[in-house]
Student: 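Here's a structure for you.
Chain letters run A, B, ... following the sequence lines, proteins first, then strands; residues in each count from 1.
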There are 2 protein chains.
Amino acid sequence: MQEQSPSVWTRPRKKPPALTRELIVATAMRVLDAEGLEALSMRRLGAELGTAATAFYRHVASKDELIELVVDQIYAEIEIVESDDPADWRAPTLACAHSLRAAILRHPWSAQLFGAAGLSYLGPNTMEKTDRMIGVLETAGFPLEAANRALSTVASYVTGVTIAEAAALSLMARNGLNQEEWVELMWPVAERAAQAYPRLRRLYAAQHTAGVSVDATREDQFSFGLRHILNSLESERTTA
Amino acid sequence: MQEQSPSVWTRPRKKPPALTRELIVATAMRVLDAEGLEALSMRRLGAELGTAATAFYRHVASKDELIELVVDQIYAEIEIVESDDPADWRAPTLACAHSLRAAILRHPWSAQLFGAAGLSYLGPNTMEKTDRMIGVLETAGFPLEAANRALSTVASYVTGVTIAEAAALSLMARNGLNQEEWVELMWPVAERAAQAYPRLRRLYAAQHTAGVSVDATREDQFSFGLRHILNSLESERTTA
DNA sequence: TGCCAACGCGTACACTGTTCGCATAGGGTG
DNA sequence: CACCCTATGCGAACAGTGTACGCGTTGGCA
């Protein structure tokens, strides 16, 4: 229905082949966002673009490669802000961390892929963002390898926390429930399962009476850990 | 061939049904460790146990449930040591973190499952270890919810780091290469890909001339971040 | 004009998880 | 002892998966 122009291609010569890596990746992303990882099959993607399932293999080596491309695309959404003060590494790092978290939560299906991502560390977007953040840390006084270590530490924390969040989110989406319905459904199960474990029982009871807002809690917990990590990383910086 | 006795069943009455949840999970684990996640199909599992693929559905609701059981089994391998000094929370937490990392690396295929683990937080082994660690932190002076937050922070970091490591390990295993062969194969690719990114180029060059031992580096990096996180968490403790 | 590479399609294959009905075997009850 | 009834495993079948292969078409270049 939409007659939109292809708008982006790598080399502006020859005819536009109606199927492009960019178009395929974008469409895959749309399906994934709308219906989750399990919904994405080559035949489904073909139906979405009005082509056969096998058409994509002219542009993409395999479904695995397609998925690597899609995952790398997530990194394109990360915004890196460079502070005016070259010594200020905390603000950019915090922003980057929150941006990465937000990007993953925007595409919760990606949680299931981080553990499988083979070479995706070499994806262009991944590398570009990594490079720029290392640059920020370096100009703020971190030696090169320390900057790499620091960034890697932060990134591991962010993905670790966020994968867990996204997994829950993705599960909710698969069952077509919003957050409230989900906790309402799962709380009794969790509480009953916790009966055998004294600390967990007390913890759940306390959280129940407090009536936690799950969203805010998760955000707080994320910031909590992140702040602590940054505090600690400060010591690795050669305060010139 | 092996005529080993069933050795473990939940209820010691009636006849031993030749297929048990425990046996199924253990066999699945064996296949996974030997050949990775993709190799585990119901038919393959059937071949392993000399049964049809459909036999398992009497003992397990679905393949997903089987996988949740297997993942929870990983947590059974975590060792929790309680220090003599009740105020010492660092040693047990460090030990637990290293134990979790080791357990995941012992079963690298699990990396691909952490993002999908739906209710596995409610697995018995998962809950037991969590409960005990919260206990350790609480007796060391953390208020209940702070203990939970702290443990959660550490766990997120550990899984975040280790998933990335395990993903690489699992990829190597799938291609039947050891670590040396792998770096030898991938290094030129990575180095070439990094040409466009100044900081990464310098970083790789530096690491190349230094001749890093990948194993030691990863272990160091893990301990580095972990130590920093524990340092920071200390402040959450009410030093009674 | 003729060629040739790029592209998309249809078919086919080997697999996957799972459902359903059937055979069987063994313990509990009469 | 005879019966039943439940638990268990099996075989066939189904819908759906990724992808290899060969065929037509088509558009740009010599």
Side-chain angles (χ1 to χ4, degrees), chain A residues 6 8-28 31-32 35-71 109 112-113 116-118 171 174-175, chain B residues 6 8-28 31-32 35-71 109 112-113 116-118 171 174-175:
Chain A
V8 175
W9 49 62
T10 40
R11 270 148 206 178
R13 47 193 182 120
K14 288 204 170 185
K15 66 161 179 189
L19 239 44
T20 328
R21 259 164 168 262
E22 284 84 358
L23 180 60
I24 295 173
V25 170
T27 311
V31 173
L32 288 168
E35 305 180 42
L37 186 61
E38 303 176 339
L40 184 72
S41 74
M42 300 308 258
R43 286 165 173 79
R44 175 84 172 73
L45 200 58
E48 204 76 15
L49 283 164
T51 74
T54 57
F56 308 110
Y57 287 85
R58 300 279 181 198
H59 306 266
V60 154
S62 64
K63 191 187 182 184
D64 283 349
E65 185 185 297
L66 172 58
I67 282 183
E68 280 185 22
L69 292 174
V70 176
V71 169
W109 42 266
Q112 288 164 261
L113 299 173
L171 203 69
R174 267 205 294 282
N175 296 29
Chain B
V8 175
W9 49 64
T10 42
R11 273 146 204 179
R13 49 192 179 120
K14 289 205 168 184
K15 68 163 176 189
L19 237 46
T20 328
R21 260 165 169 262
E22 283 85 357
L23 180 61
I24 295 173
V25 171
T27 311
V31 173
L32 287 167
E35 304 181 42
L37 187 61
E38 302 176 339
L40 184 72
S41 74
M42 299 309 257
R43 286 167 173 80
R44 175 85 172 73
L45 200 57
E48 204 76 16
L49 283 164
T51 74
T54 59
F56 308 110
Y57 287 84
R58 301 280 179 197
H59 306 266
V60 154
S62 64
K63 193 188 181 182
D64 283 349
E65 185 184 298
L66 171 58
I67 282 183
E68 281 185 22
L69 291 174
V70 177
V71 170
W109 43 266
Q112 287 165 265
L113 298 174
L171 203 70
R174 267 205 294 284
N175 296 29

Student: By the 4.0 Å heavy-atom rule, please label L66(A) as base, sugar-phosphate, or nothing.
Tutor: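 Touches nothing.
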Student: Without decimals, in angstroms, what is the distance between K63(B) NZ and dT17(D) P?
Tutor: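 In whole Å, dT17(D) P and K63(B) NZ are 16 Å from each other.
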Student: Roughly how many Å is it from CG in L19(A) to C1' in dC9(C), rounded to a whole number?
Tutor: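 Taking CG of L19(A) and C1' of dC9(C), I get 12 Å after rounding.
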Student: Taking atom CZ of R58(A) and atom CG of L19(A), what is their separation to the nearest 0.5 Å?
Tutor: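 So the CZ of R58(A) and the CG of L19(A) are separated by 11.5 Å.
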Student: So if I take every side-chain heavy atom of R58(B) and compare against dG8(C), dG21(C), dT18(C), which nucleotide ends up nearest?
Tutor: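 So the nucleotide nearest the side chain must be dG21(C).
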Student: Rounded to whole angstroms, how far apart are CZ on R44(B) and P on dG17(C)?
Tutor: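 So the two atoms are 12 Å apart, to the nearest Å.
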Student: I need the R174(A) CZ to W109(A) CH2 distance, nearest 0.5 Å.
Tutor: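 Between R174(A) CZ and W109(A) CH2, I get 13.5 Å after rounding to 0.5 Å.
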Student: For L23(B) and dT8(D), give me the distance from atom CG to atom P, rounded to whole Å.
Tutor: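 One finds 14 Å between P of dT8(D) and CG of L23(B), rounded.
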Student: With a 4.0 Å limit, can you tell me whether H59(B) has a side-chain N or O closer than that to the phosphate oxygens OP1/OP2 of dG9(D)?
Tutor: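 Yes, such a contact exists.
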Student: With the side chain of S41(A) defined as its heavy atoms from C-beta on, choose the nearest nucleotide among dT17(D), dT19(D), dG9(D).
Tutor: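 Minimum distance to the S41(A) side chain belongs to dT17(D).
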Student: Base, sugar-phosphate, or nothing for T54(A), non-hydrogen atoms under 4.0 angstrom?
Tutor: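 Base, at least one base heavy atom under 4.0 Å.
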Student: Would you say F56(A) and L49(A) make side-chain contact, with heavy atoms under 4.5 Å?
Tutor: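 The answer is yes, as the side chains (C-beta and beyond) meet within the 4.5 Å cut-off.
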Student: Would you mind reading off the distance between M42(B) atom CE and dG11(D) atom P, rounded to a whole angstrom?
Tutor: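 It is 16 Å, rounded to the nearest whole Å.
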Student: What's the CZ-P distance between F56(A) and dT17(D), to the nearest Å?
Tutor: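 It works out to 13 Å between those atoms.
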Student: What is the separation between atom CD on E38(B) and atom P on dT19(D), rounded to the nearest whole Å?
Tutor: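 Taking atom P of dT19(D) as the reference, CD of E38(B) is at 10 Å.
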Student: Answer with yes or no whether R43(B) presents, from its side chain, a donor or acceptor under 3.5 Å of a partner atom in the base of dG17(C).
Tutor: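 Indeed there is one.
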Student: Report yes if the side chains of L113(B) and L37(B) come closer than 4.5 Å at any heavy-atom pair, otherwise no.
Tutor: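 When only atoms from C-beta onward are counted, L37(B) and L113(B) do touch, with a gap below 4.5 Å.
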Student: Rounded to whole angstroms, how far apart are CG on L45(B) and P on dC15(C)?
Tutor: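 Rounding to the nearest Å, CG of L45(B) and P of dC15(C) are 17 Å apart.
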Student: For a 4.5 angstrom cut-off between non-hydrogen side-chain atoms, does L45(B) reach L66(B)?
Tutor: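 Answer yes - side chains close enough.
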Student: Could you pick out which residue, A53(B) or L40(A), lies toward the 5' side of DNA chain D when each is mapped onto its nearest nucleotide?
Tutor: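 With A53(B) and L40(A) compared, the 5'-side residue is A53(B).
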